[in-house]
2 protein chains.
Amino acid sequence: MDSQFLKKVGLKATLPRIKILEILESGGTARHMSAEDVYKALLEHGEDVGLATVYRVLTQFEQAGILTRHHFEGGQSVFEMDEGRHHDHILCTKCGRVDEFFDPTIEERQKAIADKFGYSMTDHSLYIYGICKDCRKKEKA
Amino acid sequence: MDSQFLKKVGLKATLPRIKILEILESGGTARHMSAEDVYKALLEHGEDVGLATVYRVLTQFEQAGILTRHHFEGGQSVFEMDEGRHHDHILCTKCGRVDEFFDPTIEERQKAIADKFGYSMTDHSLYIYGICKDCRKKEKA
DNA sequence: TAAACAAATGAGAATCTTTTGCATTGTTGT
DNA sequence: ACAACAATGCAAAAGATTCTCATTTGTTTA
Ligand SMILES: [Mn+2]
Ligand SMILES: [Mn+2]
Ligand SMILES: [Zn+2]
Ligand SMILES: [Zn+2]
(Lines give C-alpha, C1' and ligand atoms only; values in the text may rest on other atoms or scores of the structure.)
(Ligands and ions follow the chains in the order given, each with its own letter.)
Protein backbone atom coordinates (compact mmCIF):
# COMPACT_ATOMS: atom_id res chain seq x y z
CA MET A 1 0.00 0.00 0.00
CA ASP A 2 1.10 3.55 -0.62
CA SER A 3 1.01 4.47 3.04
CA GLN A 4 3.63 1.82 3.76
CA PHE A 5 5.76 3.18 0.97
CA LEU A 6 5.54 6.70 2.34
CA LYS A 7 6.59 5.60 5.79
CA LYS A 8 9.45 3.70 4.27
CA VAL A 9 10.85 6.89 2.76
CA GLY A 10 10.37 8.72 6.04
CA LEU A 11 7.14 10.60 5.40
CA LYS A 12 3.94 10.47 7.42
CA ALA A 13 1.15 8.76 5.50
CA THR A 14 -1.25 11.66 5.10
CA LEU A 15 -4.24 11.74 2.78
CA PRO A 16 -2.82 14.41 0.49
CA ARG A 17 0.44 12.54 0.09
CA ILE A 18 -1.30 9.26 -0.66
CA LYS A 19 -3.59 10.87 -3.22
CA ILE A 20 -0.77 12.70 -4.94
CA LEU A 21 1.20 9.50 -5.11
CA GLU A 22 -1.78 7.76 -6.72
CA ILE A 23 -2.08 10.48 -9.33
CA LEU A 24 1.59 10.27 -10.19
CA GLU A 25 1.65 6.48 -10.31
CA SER A 26 -1.44 6.04 -12.44
CA GLY A 27 0.08 6.75 -15.81
CA GLY A 28 -3.51 7.77 -16.46
CA THR A 29 -2.47 11.32 -17.09
CA ALA A 30 0.84 12.14 -18.71
CA ARG A 31 3.99 10.88 -17.03
CA HIS A 32 5.28 14.43 -16.85
CA MET A 33 3.06 16.71 -14.79
CA SER A 34 3.30 20.23 -13.42
CA ALA A 35 2.12 21.06 -9.90
CA GLU A 36 -0.95 22.61 -11.46
CA ASP A 37 -1.60 19.43 -13.47
CA VAL A 38 -1.45 17.36 -10.29
CA TYR A 39 -3.70 19.83 -8.51
CA LYS A 40 -6.32 19.73 -11.28
CA ALA A 41 -6.20 15.94 -11.36
CA LEU A 42 -6.87 15.87 -7.64
CA LEU A 43 -9.88 18.14 -8.03
CA GLU A 44 -11.22 15.93 -10.81
CA HIS A 45 -10.97 12.96 -8.47
CA GLY A 46 -12.99 14.92 -5.94
CA GLU A 47 -10.07 15.31 -3.57
CA ASP A 48 -9.85 18.53 -1.61
CA VAL A 49 -6.15 19.35 -1.43
CA GLY A 50 -4.66 22.82 -1.44
CA LEU A 51 -2.28 23.88 -4.18
CA ALA A 52 0.30 24.89 -1.57
CA THR A 53 0.24 21.36 -0.26
CA VAL A 54 0.75 19.97 -3.73
CA TYR A 55 3.87 22.10 -4.08
CA ARG A 56 5.09 21.10 -0.64
CA VAL A 57 4.51 17.41 -1.22
CA LEU A 58 6.13 17.39 -4.64
CA THR A 59 9.20 19.05 -3.16
CA GLN A 60 9.28 16.48 -0.37
CA PHE A 61 8.96 13.63 -2.84
CA GLU A 62 11.81 15.09 -4.80
CA GLN A 63 13.97 15.32 -1.69
CA ALA A 64 13.00 11.78 -0.76
CA GLY A 65 14.31 10.75 -4.16
CA ILE A 66 11.08 9.26 -5.47
CA LEU A 67 10.52 11.78 -8.22
CA THR A 68 12.49 14.09 -10.45
CA ARG A 69 11.83 17.73 -11.22
CA HIS A 70 12.44 18.99 -14.74
CA HIS A 71 12.64 22.50 -16.11
CA PHE A 72 11.11 22.24 -19.54
CA GLU A 73 10.84 25.51 -21.42
CA GLY A 74 7.81 27.56 -20.61
CA GLY A 75 7.87 28.51 -16.98
CA GLN A 76 6.62 25.84 -14.65
CA SER A 77 8.44 22.86 -13.23
CA VAL A 78 7.43 19.39 -14.36
CA PHE A 79 7.62 16.28 -12.22
CA GLU A 80 7.83 12.58 -12.95
CA MET A 81 8.03 9.46 -10.83
CA ASP A 82 11.44 7.87 -10.80
CA GLU A 83 11.82 4.28 -11.90
CA GLY A 84 15.47 3.97 -11.32
CA ARG A 85 16.86 4.60 -14.75
CA HIS A 86 17.99 8.08 -15.67
CA HIS A 87 16.93 9.45 -19.02
CA ASP A 88 16.78 12.68 -20.97
CA HIS A 89 13.95 14.20 -23.00
CA ILE A 90 13.05 15.23 -26.51
CA LEU A 91 9.93 17.31 -26.86
CA CYS A 92 7.68 18.75 -29.53
CA THR A 93 7.27 22.50 -29.30
CA LYS A 94 3.99 22.32 -31.24
CA CYS A 95 1.96 19.73 -29.38
CA GLY A 96 3.92 19.20 -26.18
CA ARG A 97 4.64 15.55 -26.84
CA VAL A 98 7.53 14.20 -24.77
CA ASP A 99 9.77 11.24 -25.56
CA GLU A 100 12.49 9.80 -23.38
CA PHE A 101 15.90 8.52 -24.32
CA PHE A 102 19.17 7.41 -22.84
CA ASP A 103 22.38 7.71 -24.80
CA PRO A 104 25.48 6.17 -23.24
CA THR A 105 27.77 8.09 -25.56
CA ILE A 106 26.36 11.43 -24.51
CA GLU A 107 26.48 10.47 -20.84
CA GLU A 108 30.09 9.50 -21.22
CA ARG A 109 31.08 12.65 -23.07
CA GLN A 110 29.46 14.78 -20.39
CA LYS A 111 31.55 13.21 -17.70
CA ALA A 112 34.67 13.67 -19.81
CA ILE A 113 33.86 17.37 -20.27
CA ALA A 114 33.28 17.87 -16.56
CA ASP A 115 36.64 16.24 -15.85
CA LYS A 116 38.39 18.33 -18.44
CA PHE A 117 37.09 21.54 -16.86
CA GLY A 118 37.87 20.36 -13.34
CA TYR A 119 34.27 19.98 -12.16
CA SER A 120 32.92 17.11 -10.14
CA MET A 121 29.64 16.60 -11.96
CA THR A 122 26.55 16.44 -9.76
CA ASP A 123 23.84 16.62 -12.35
CA HIS A 124 23.02 17.50 -15.91
CA SER A 125 19.99 18.34 -17.99
CA LEU A 126 19.57 17.82 -21.68
CA TYR A 127 16.49 18.75 -23.65
CA ILE A 128 16.12 18.37 -27.39
CA TYR A 129 13.38 20.50 -28.93
CA GLY A 130 11.78 19.93 -32.29
CA ILE A 131 8.64 19.23 -34.27
CA CYS A 132 7.30 15.72 -34.07
CA LYS A 133 6.28 13.65 -37.08
CA ASP A 134 2.54 14.16 -36.47
CA CYS A 135 2.88 17.91 -36.23
CA ARG A 136 4.91 18.07 -39.41
CA LYS A 137 2.23 16.08 -41.17
CA LYS A 138 -0.44 18.56 -40.04
CA GLU A 139 1.67 21.50 -41.14
CA LYS A 140 1.93 20.22 -44.69
CA ALA A 141 -1.85 19.95 -44.97
CA MET B 1 28.91 52.60 -34.06
CA ASP B 2 26.22 50.72 -32.18
CA SER B 3 23.42 52.82 -33.57
CA GLN B 4 24.33 51.74 -37.09
CA PHE B 5 24.31 48.14 -35.95
CA LEU B 6 20.88 48.52 -34.40
CA LYS B 7 19.44 49.98 -37.57
CA LYS B 8 21.00 47.19 -39.54
CA VAL B 9 19.06 44.62 -37.55
CA GLY B 10 15.89 46.63 -37.94
CA LEU B 11 15.66 48.40 -34.60
CA LYS B 12 15.44 52.12 -33.92
CA ALA B 13 18.64 53.41 -32.36
CA THR B 14 17.30 54.54 -29.01
CA LEU B 15 19.39 55.47 -25.99
CA PRO B 16 18.27 52.48 -23.90
CA ARG B 17 19.07 50.04 -26.68
CA ILE B 18 22.48 51.54 -27.29
CA LYS B 19 23.36 51.48 -23.60
CA ILE B 20 22.19 47.91 -23.15
CA LEU B 21 24.21 46.87 -26.14
CA GLU B 22 27.29 48.50 -24.62
CA ILE B 23 26.79 46.67 -21.34
CA LEU B 24 26.45 43.35 -23.09
CA GLU B 25 29.42 43.92 -25.38
CA SER B 26 31.82 45.08 -22.71
CA GLY B 27 32.76 41.73 -21.26
CA GLY B 28 33.32 43.93 -18.24
CA THR B 29 30.69 42.10 -16.32
CA ALA B 30 30.13 38.42 -16.82
CA ARG B 31 29.30 37.21 -20.29
CA HIS B 32 26.08 35.67 -18.98
CA MET B 33 23.74 38.24 -17.46
CA SER B 34 20.18 38.23 -16.21
CA ALA B 35 17.83 41.13 -16.97
CA GLU B 36 18.35 42.28 -13.40
CA ASP B 37 22.15 42.16 -13.88
CA VAL B 38 21.87 44.34 -16.96
CA TYR B 39 19.55 46.71 -15.14
CA LYS B 40 21.94 47.08 -12.20
CA ALA B 41 24.88 47.63 -14.53
CA LEU B 42 22.95 50.42 -16.23
CA LEU B 43 22.24 52.09 -12.92
CA GLU B 44 25.91 51.87 -11.97
CA HIS B 45 26.76 53.62 -15.21
CA GLY B 46 24.35 56.36 -14.24
CA GLU B 47 21.90 55.47 -16.96
CA ASP B 48 18.22 55.86 -16.18
CA VAL B 49 16.51 52.97 -17.91
CA GLY B 50 13.44 51.16 -16.62
CA LEU B 51 13.54 47.46 -15.84
CA ALA B 52 10.57 46.88 -18.14
CA THR B 53 12.56 48.39 -20.98
CA VAL B 54 15.49 46.12 -20.21
CA TYR B 55 13.20 43.11 -20.53
CA ARG B 56 11.66 44.42 -23.71
CA VAL B 57 14.99 45.20 -25.32
CA LEU B 58 16.54 41.87 -24.37
CA THR B 59 13.60 40.08 -25.92
CA GLN B 60 13.93 42.17 -29.06
CA PHE B 61 17.64 41.45 -29.27
CA GLU B 62 16.88 37.79 -28.93
CA GLN B 63 14.35 37.94 -31.74
CA ALA B 64 16.79 39.89 -33.87
CA GLY B 65 19.20 37.01 -33.36
CA ILE B 66 21.95 39.01 -31.73
CA LEU B 67 21.77 37.32 -28.35
CA THR B 68 20.74 34.01 -26.85
CA ARG B 69 18.56 33.39 -23.81
CA HIS B 70 19.44 30.56 -21.46
CA HIS B 71 17.45 28.94 -18.70
CA PHE B 72 20.01 28.12 -16.06
CA GLU B 73 18.64 26.61 -12.88
CA GLY B 74 17.39 29.08 -10.35
CA GLY B 75 14.54 31.02 -11.85
CA GLN B 76 15.63 33.88 -14.03
CA SER B 77 16.66 33.88 -17.66
CA VAL B 78 20.25 34.61 -18.56
CA PHE B 79 21.37 36.32 -21.76
CA GLU B 80 24.59 36.39 -23.71
CA MET B 81 25.73 38.08 -26.89
CA ASP B 82 26.03 35.71 -29.82
CA GLU B 83 29.34 35.41 -31.59
CA GLY B 84 28.33 32.92 -34.17
CA ARG B 85 29.47 29.70 -32.65
CA HIS B 86 26.99 27.62 -30.67
CA HIS B 87 28.13 26.19 -27.37
CA ASP B 88 26.77 24.54 -24.25
CA HIS B 89 27.48 25.28 -20.58
CA ILE B 90 28.91 23.69 -17.48
CA LEU B 91 28.29 25.55 -14.25
CA CYS B 92 29.27 25.44 -10.61
CA THR B 93 26.33 25.22 -8.25
CA LYS B 94 28.42 26.67 -5.39
CA CYS B 95 29.92 29.85 -6.86
CA GLY B 96 27.99 30.32 -10.08
CA ARG B 97 31.04 29.99 -12.31
CA VAL B 98 30.16 29.23 -15.94
CA ASP B 99 32.33 27.53 -18.55
CA GLU B 100 31.50 26.97 -22.18
CA PHE B 101 32.16 23.97 -24.36
CA PHE B 102 31.31 22.51 -27.71
CA ASP B 103 31.35 18.78 -28.26
CA PRO B 104 30.86 17.56 -31.84
CA THR B 105 30.09 14.04 -30.67
CA ILE B 106 27.26 15.19 -28.46
CA GLU B 107 25.88 17.45 -31.16
CA GLU B 108 25.93 14.57 -33.59
CA ARG B 109 24.25 12.13 -31.20
CA GLN B 110 21.50 14.63 -30.53
CA LYS B 111 20.67 14.90 -34.19
CA ALA B 112 20.70 11.10 -34.48
CA ILE B 113 18.28 10.81 -31.55
CA ALA B 114 15.93 13.40 -33.01
CA ASP B 115 15.93 11.49 -36.29
CA LYS B 116 15.32 8.19 -34.58
CA PHE B 117 12.25 9.59 -32.81
CA GLY B 118 10.97 11.31 -35.94
CA TYR B 119 11.53 14.88 -34.78
CA SER B 120 12.97 17.66 -36.87
CA MET B 121 15.24 19.22 -34.28
CA THR B 122 14.93 22.97 -33.86
CA ASP B 123 16.97 23.51 -30.75
CA HIS B 124 18.51 21.86 -27.76
CA SER B 125 19.83 22.84 -24.36
CA LEU B 126 22.46 21.05 -22.35
CA TYR B 127 23.65 22.10 -18.93
CA ILE B 128 26.16 20.21 -16.84
CA TYR B 129 26.09 21.05 -13.13
CA GLY B 130 28.86 20.36 -10.66
CA ILE B 131 31.37 21.77 -8.20
CA CYS B 132 34.35 23.55 -9.65
CA LYS B 133 37.90 22.92 -8.59
CA ASP B 134 38.16 26.10 -6.52
CA CYS B 135 35.00 25.33 -4.58
CA ARG B 136 36.15 21.79 -3.86
CA LYS B 137 39.40 23.19 -2.53
CA LYS B 138 37.53 25.51 -0.18
CA GLU B 139 35.31 22.67 1.01
CA LYS B 140 38.27 20.59 2.12
CA ALA B 141 39.63 23.46 4.22
C1' DT C 1 15.23 72.38 -39.26
C1' DA C 2 10.56 71.96 -37.69
C1' DA C 3 6.38 69.63 -37.83
C1' DA C 4 4.22 65.04 -37.91
C1' DC C 5 3.76 60.37 -36.76
C1' DA C 6 4.90 56.08 -35.28
C1' DA C 7 7.57 53.68 -32.17
C1' DA C 8 9.67 53.35 -27.66
C1' DT C 9 9.96 54.40 -22.82
C1' DG C 10 9.09 54.60 -17.66
C1' DA C 11 6.31 53.73 -13.82
C1' DG C 12 3.46 51.02 -11.82
C1' DA C 13 -0.16 47.63 -12.07
C1' DA C 14 -0.96 43.01 -13.35
C1' DT C 15 0.17 38.13 -14.06
C1' DC C 16 2.06 33.78 -13.18
C1' DT C 17 4.40 30.48 -10.50
C1' DT C 18 6.02 29.16 -6.22
C1' DT C 19 6.78 29.90 -1.24
C1' DT C 20 5.57 31.20 3.42
C1' DG C 21 2.99 32.38 7.88
C1' DC C 22 -0.19 30.84 10.86
C1' DA C 23 -4.24 28.98 12.95
C1' DT C 24 -6.31 24.46 12.64
C1' DT C 25 -6.37 19.54 11.81
C1' DG C 26 -4.42 14.92 11.40
C1' DT C 27 -1.06 11.11 12.36
C1' DT C 28 1.55 8.23 15.27
C1' DG C 29 3.43 5.94 19.25
C1' DT C 30 2.00 4.93 23.89
C1' DA D 1 -8.01 7.50 23.42
C1' DC D 2 -4.23 11.15 24.16
C1' DA D 3 -0.37 13.96 23.99
C1' DA D 4 3.14 15.63 20.96
C1' DC D 5 4.39 17.23 16.88
C1' DA D 6 3.99 17.30 11.95
C1' DA D 7 1.05 18.48 8.04
C1' DT D 8 -2.64 21.10 5.92
C1' DG D 9 -5.45 24.96 3.92
C1' DC D 10 -5.94 29.51 3.09
C1' DA D 11 -4.47 33.78 2.22
C1' DA D 12 -0.71 36.79 1.94
C1' DA D 13 3.93 37.37 0.08
C1' DA D 14 7.57 36.93 -3.01
C1' DG D 15 10.16 36.74 -7.36
C1' DA D 16 10.27 37.11 -12.29
C1' DT D 17 8.33 38.87 -16.24
C1' DT D 18 4.75 41.18 -18.96
C1' DC D 19 1.37 44.64 -19.85
C1' DT D 20 -1.08 49.30 -19.83
C1' DC D 21 -0.96 53.82 -20.86
C1' DA D 22 0.38 58.55 -20.65
C1' DT D 23 4.54 60.80 -22.16
C1' DT D 24 8.87 61.20 -24.67
C1' DT D 25 11.95 60.24 -28.51
C1' DG D 26 13.64 58.83 -33.12
C1' DT D 27 12.93 59.17 -37.93
C1' DT D 28 10.77 60.89 -41.87
C1' DT D 29 8.86 64.49 -44.45
C1' DA D 30 8.09 69.07 -46.07
MN1 LIG E 1 10.89 11.47 -18.28
MN1 LIG F 1 27.70 31.02 -23.14
ZN1 LIG G 1 4.06 17.51 -31.99
ZN1 LIG H 1 32.60 27.01 -7.89
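Residue numbering restarts at 1 for every chain, and letters A, B, ... go by the order of the sequence lines.
Atoms CG (L6(A)) and P (dA7(D)) sit 11 Å apart, rounded to a whole Å. Across the protein-nucleic acid pair, R17(B) atom CZ and dG10(C) atom C1' stand 15 Å apart, rounded to whole Å. The separation between E47(A) atom CD and dA7(D) atom P is 19 Å, rounded to whole Å. Atom pair Q60(A):CD and dT8(D):P shows a separation of 6 Å (rounding to whole Å applied). As a whole-Å value, the separation of H71(B) NE2 from dA16(D) P is 15 Å. The CD1-C1' distance, from I20(B) to dT9(C), rounds to 11 Å in whole Å. Spacing between atom CD of Q63(B) and atom C1' of dA7(C) amounts to 15 Å, rounded to whole angstrom units. Atom C1' of nucleotide dC10(D) and atom CG of L43(A) are separated by 14 Å, given to the nearest angstrom.
The shortest non-hydrogen separation linking I18(B) to A13(B) is CD1-O, 4.1 Å. R136(A) approaches I131(A) most closely through the heavy-atom pair NH1-O, 2.9 Å.
Ion pairing between R109(A) and E108(B) fails under the 4.0 Å rule for side-chain N and carboxylate O. Using a 4.0 Å cut-off between charged side-chain N and carboxylate O, E80(B) and R69(B) make no salt bridge.
A donor-acceptor pair under 3.5 Å links the side-chain atoms of D37(B) to the main chain of S34(B), judged by distance alone.
Within the 4.5 Å cutoff, side-chain heavy atoms of R31(B) are placed close to those of E83(B). With contacts defined as side-chain heavy-atom distances shorter than 4.5 Å, the pair M1(B)/K7(B) does not qualify.
Donor-acceptor pairing under 3.5 Å is recorded for the side chains of Y119(B) and D99(A). There is no side-chain donor-acceptor pair under 3.5 Å between H71(B) and Q76(B).
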What are the atom names and distances for every N/O pair under 3.5 Å that joins the protein to nucleotides 17-19 of chain C?
residue: dT18(C); atom: OP1; partner: S77(A); partner atom: N; Å: 2.7
residue: dT18(C); atom: OP2; partner: Y55(A); partner atom: OH; Å: 2.3
residue: dT18(C); atom: O5'; partner: Y55(A); partner atom: OH; Å: 3.3

Interface polar pairs with nucleotides 24-29 of chain C, N/O, under 3.5 angstrom:
residue: dG26(C); atom: N2; partner: K12(A); partner atom: NZ; Å: 3.4
residue: dT28(C); atom: OP1; partner: A13(A); partner atom: N; Å: 3.4

